> 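What follows is a single structure, and I will ask about it in a moment.
Just so it is clear, the model here is predicted, and its values are computed rather than measured.
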Amino acid sequence: MGSGAAGVSPGERESVPAAGGQGAAAPPAEDAPVPARAFSGRMLALAVVLVAITIMLAPTVRVFLNQRAEITALEADIAAKEAEQRALEQEISRWEDPNYVQQQARDRINMVMPGETSYWVFGDPGAPAQGSAAAPDVGTDQPWTATFWDALRRAATD
């Protein structure tokens with residue numbers, strides 16, 4: 001037996017604690033940890049539980065997302081209705097003004113105040129007088145649709 005302690009083999013010397021037994025001893029080669037298997041029964045059980053939870057929660061999450069979308073659409077609809085309500089309230093406040101009512105009666109149904117005389121002027125205000133108007137160009141090279149459209153536009157503005 002060589003240079004080591006009496007009765008201790010070279011493999012056992014490595015496992016003896018150094019200096020008073022407080023240091024960490026290296027485990028013997030026979031007790032080395034076995035690497036975990038890549039696929040164990042616990043992992044399979046965990047996967048089954050996670051799949052079951054996912055299957056149970058999927059309809060609930062779908063309903064939740066549908067309801068959130070519906071709530072968002074309803075909030076947008078409410079905002080639009082509130083804006084419309086504000087516009088209508090402003091219009092009501094305008095109709096409460098007697099001057100506005102009088103102006104609308106003059107513009108819409110051509111009412112006049114007592115003692116006023118109403119005149120209707122037909123034609124374009126910037127057009128020359130009836131007698132001096134030149135005959136319209138009949139021989140133009142425009143298609144009939146353009147001529148019709150021009151006549152329609154003139155009739156709408158006159």
Side-chain angles (χ1 to χ4, degrees), residues 17-18 21-158:
Q22 294 177 1
E30 295 89 33
D31 294 338
V34 177
R37 292 183 302 194
F39 190 71
S40 67
R42 287 183 181 175
M43 292 298 289
L44 178 64
L46 179 63
V48 167
V49 168
L50 289 176
V51 167
I53 288 173
T54 303
I55 290 172
M56 288 188 305
L57 290 180
T60 306
V61 170
R62 183 179 46 84
V63 168
F64 172 75
L65 293 176
N66 287 342
Q67 288 177 346
R68 289 300 308 162
E70 185 178 350
I71 287 171
T72 303
L74 289 173
E75 286 174 345
D77 188 40
I78 288 171
K81 297 289 183 184
E82 287 175 347
E84 183 182 356
Q85 181 181 6
R86 284 190 297 273
L88 290 173
E89 286 173 351
Q90 288 177 350
E91 188 173 344
I92 287 172
S93 67
R94 278 183 281 173
W95 279 101
E96 290 174 351
D97 182 18
N99 292 330
Y100 181 77
V101 173
Q102 182 181 8
Q103 183 63 39
Q104 291 300 312
R106 287 176 182 266
D107 291 344
R108 291 184 180 193
I109 55 176
N110 301 315
M111 291 187 71
V112 293
M113 294 298 289
E116 292 181 344
T117 304
S118 176
Y119 294 102
W120 285 39
V121 178
F122 295 102
D124 190 13
Q130 185 86 351
S132 66
D137 292 337
V138 178
T140 60
D141 291 337
Q142 294 182 339
W144 70 270
T145 53
T147 307
F148 175 73
W149 184 251
D150 289 338
L152 186 65
R153 199 172 0 165
R154 276 186 273 129
T157 57
D158 288 347

> What closest approach, in Å, do Trp95 and Val101 show between heavy atoms, and which atom pair accounts for it?
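Trp95 and Val101 have their closest heavy atoms at O-CG2, 3.1 Å.
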> Could you measure the distance from the CG atom of Leu152 to the OG1 atom of Thr145? Nearest 0.5 Å is fine.
12.0 Å
> Measuring from Leu65:CG to Thr60:OG1, what's the distance to the nearest 0.5 Å?
11.0 Å
> For residues Gln102 and Met111, determine if any side-chain heavy atom of one lies less than 4.5 Å from a side-chain heavy atom of the other.
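Gln102 does not reach Met111 side chain to side chain.
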> Please name all residues satisfying side-chain contact (heavy atoms from CB on, under 4.5 Å) with Glu70, sequence neighbours left out, ordered by chain then number.
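Only Leu74 meet the side-chain contact (heavy atoms from CB on, under 4.5 Å) criterion with Glu70.
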> How would you list, by chain and number, every residue that makes a side-chain hydrogen bond (donor to acceptor under 3.5 Å, both in side chains) with Gln103, sequence neighbours excluded?
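Expected list: Asp107.
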> Is there a side-chain contact between Arg94 and Gln104 in this structure, where contact means two heavy atoms from C-beta onward sitting under 4.5 Å apart?
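Side-chain contact under 4.5 Å: no.
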> Is any side-chain heavy atom of Arg153 closer than 4.5 Å to a side-chain heavy atom of Asp150?
yes
> Check the surroundings of atom OH in Tyr100: do more than 12 heavy atoms from other residues, nucleotides or ligands lie under 6.0 Å from it?
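Yes, enclosed.
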